[in-house]
Number of protein chains: 2
Amino acid sequence: MNKKAPIPLDIASNRADETYLRLKDELFNFYLLPGDYFSENEIAARMEVSRTPVREALFRLQREGYVRVMPRVGWQVRPLDFDKFDQLYEIRILLEESSLQRLVRKENISNIKMLMTTWCCLPDERESDAKAVWLQDEQFHAGLVEAGGNAEMSRIHQDVMERLRIIRRLDFTKAQRVNATYEEHAAILEQIQRGRISEAQRLLRSHIEASRLEVHKITLSMLYEARLEKNRAY
Amino acid sequence: MNKKAPIPLDIASNRADETYLRLKDELFNFYLLPGDYFSENEIAARMEVSRTPVREALFRLQREGYVRVMPRVGWQVRPLDFDKFDQLYEIRILLEESSLQRLVRKENISNIKMLMTTWCCLPDERESDAKAVWLQDEQFHAGLVEAGGNAEMSRIHQDVMERLRIIRRLDFTKAQRVNATYEEHAAILEQIQRGRISEAQRLLRSHIEASRLEVHKITLSMLYEARLEKNRAY
DNA sequence: TGATGAGCTCTTGTATACCAGACGGAGCAC
DNA sequence: GTGCTCCGTCTGGTATACAAGAGCTCATCA
C-alpha cells in the first residue's frame, strides 16, 4: 500500500474533492480491494495531502457505503454485498417504474424525445466504446426519472445508481450486451411514446433484471482477477 | 447569534456527533432560522469546541439538506422548501405502499402483529403526549417498510423521514390529530391482516396525505411565531 | 509453561496555526 | 455627489501539533 500516487482525475475545486475522486477511482479499479484495511496517514502520504481533506473524503465514502471507520483502530474497505446490490436494484426498478407512471399524467415527454435520438438509431450508428455507452446508459435511466418531474426522486435515484456504480460500470464490455441495451432501450421508448405505459414498465423491469444478472457475473470474475493480480505483486 | 450555549442532548460518543445533534436541535427549534447566515467560528465559540468537529457536523447537515456552504463566504440555513417536502412525501408514499405489496408475498407479518398491540387499542389506552405519539408514529411507518424486508429501502425511507422531521414533528400537537392517527393506523393494520393490501394502500396514502396538509399549515404558523420571537429579542 | 501487565506504537479524534480568497468600507480621483 | 481602488478583516480550506484509546510485544512472575 505504499506505491506511488496514481493519476488525478475529473474537475475538483479543492483537495478534499480531488482526494474523494481519486479514492473512489481506486475503489472502483479494485486497487483498494474489498476487505482491505488502511489508515488515514497511508492515504495522506500516497496522495501527498494532509489528513484533513483525506478525512473529509473518507467520511463521504463512508456515507456512500464504500468504507467504514472503526474508531481509533482504522478504516476498512467494505466487502461487496450482493444482497445489498439486489435490494438497490429493486429500488431502482421501483423508482423508474413509478416515474413512467407519472410521465403519462404530466405528458412531459420532451425528455423522452431527446432520449430517442440517442437510442432509436440504426445499428451502424451505435456507440461501441464501453465507457461512452455506460455514460449514455446512465443518462437514459436518469432521464426517465427526471421526466417524472420529482427532483427529490431524481436525487435518490442518483444516489442509488452511485452505490451501484462499482459493479454497473462493468456492464457493456461485451458487444452483445451493448446491442441488447440498444434494442431494449429503443423498445421501452417506443412503448412510452405510444402511451402504453404498463408495457413499457414491464420491458424496463426485465431490462434492468437482465443487466443485474450480467453485472453480477462479471463483477465476480473481475474481483477474482484483481485478487490474483495483487497476490502476484508480492 | 452570540447568546450562551444551549443544553447538550442525546448520547454522542464524540464531540462531532454532539455538535451535530445540538445544531440539528437548534435548526428544529428554529433557533437557527431558515435563511440565516453564520460562520464556523460562531458555532465553535458557542458550543465551546474547536472548528474541526463543527465542520464535520456541518458537512453532515449539508448532506441532509439543512444548511449549505458558500466557499470562503460562509454558511446558510437553507430556507424551507415546501415543494421539496411535497416531493419527499410522494416518495414516502411510494416506498411504504411498495413495502405493503412485498408484505403479502413474504407473509412477513410478525412485525405487523407487534404494531397492532400499539395501535389497535381502546381509546382510553391511547398515548397523549405529543412527543411519545410522534415516536410511535415513526416506528409505525418504519415498521411497515421493514416488514417489506428490503434493508436498503428501509435506509432510504429513514433518510426521507429524517428530511421531513423538521416539519413532521409538529404534528400530534392537537388531540384531534392524535385520535385520527390512531384510527387510521388501526384501519390500515386491520386491512393488512385481512390480506386486503390494495385497500390498505389506499388508506395509507390518504393517511399520509392528510398528515402532510396538516403539517404544512402548522409549520407556517410556527415559523411565523419564531420570527416574531427573534425580532422581539433585539 | 502460561498468564499477566507494563509500555510502546499505532490508530483516529481534536485543537490550532496559517493560507488564500472574498467582501466591505474608507478614502481618493473625478 | 459618484465611482473606483486599495487595504483590512472576515471567511472557509489546509496542514500540523497534540491527546487519548486500542492493540500488540515482550518481559516478568507464578
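Numbers restart at 1 for each chain; the letters A, B, ... are given by sequence-line order, proteins then strands. Note that this is a predicted model, so its numbers are computed, not measured.
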First contact, last contact: which nucleotides of DNA chain D are these for chain B, 5' to 3', heavy-atom distance under 4.0 Å? D:dT11 to D:dT14

Indicate whether the side chain of B:H157 and that of B:H141 have a donor and an acceptor atom separated by less than 3.5 Å. no

In the 5'-to-3' direction, what one-character label does each nucleotide of nucleotides 9-19 of chain C receive under the scheme B = base within less than 4.0 Å of a protein heavy atom, S = sugar-phosphate only, - = no such atom? --BBBBBBB--

Taking the side chain from B:D36 and the backbone from B:L32, do they hold a donor-acceptor pair closer than 3.5 Å? no

Apply side-chain hydrogen bond (donor to acceptor under 3.5 Å, both in side chains) to A:Q62 and A:R68, showing your working. CA-CA 5 Å; A:Q62 180 176 41; A:R68 64 170 184 157; over 6 Å; no

Quick one: pull up CE in A:M222 and OG1 in A:T173 and give me the separation to the nearest 0.5 Å. 7.5 Å

Going by an N to O cut-off under 4.0 Å, is there a salt bridge joining A:K84 and B:E152? no

Between B:Y20 and B:F59, is a ring pair (Phe, Tyr, Trp, His ring centres under 6.0 Å) present by the stated rule, with each step listed? CA-CA 9 Å; B:Y20 166 79; B:F59 286 136; over 10 Å; no

Against A:S211, only a single residue in A:D137, A:T181, A:D171 fulfils side chain to side chain donor-acceptor pair (under 3.5 Å); can you say which? A:D171

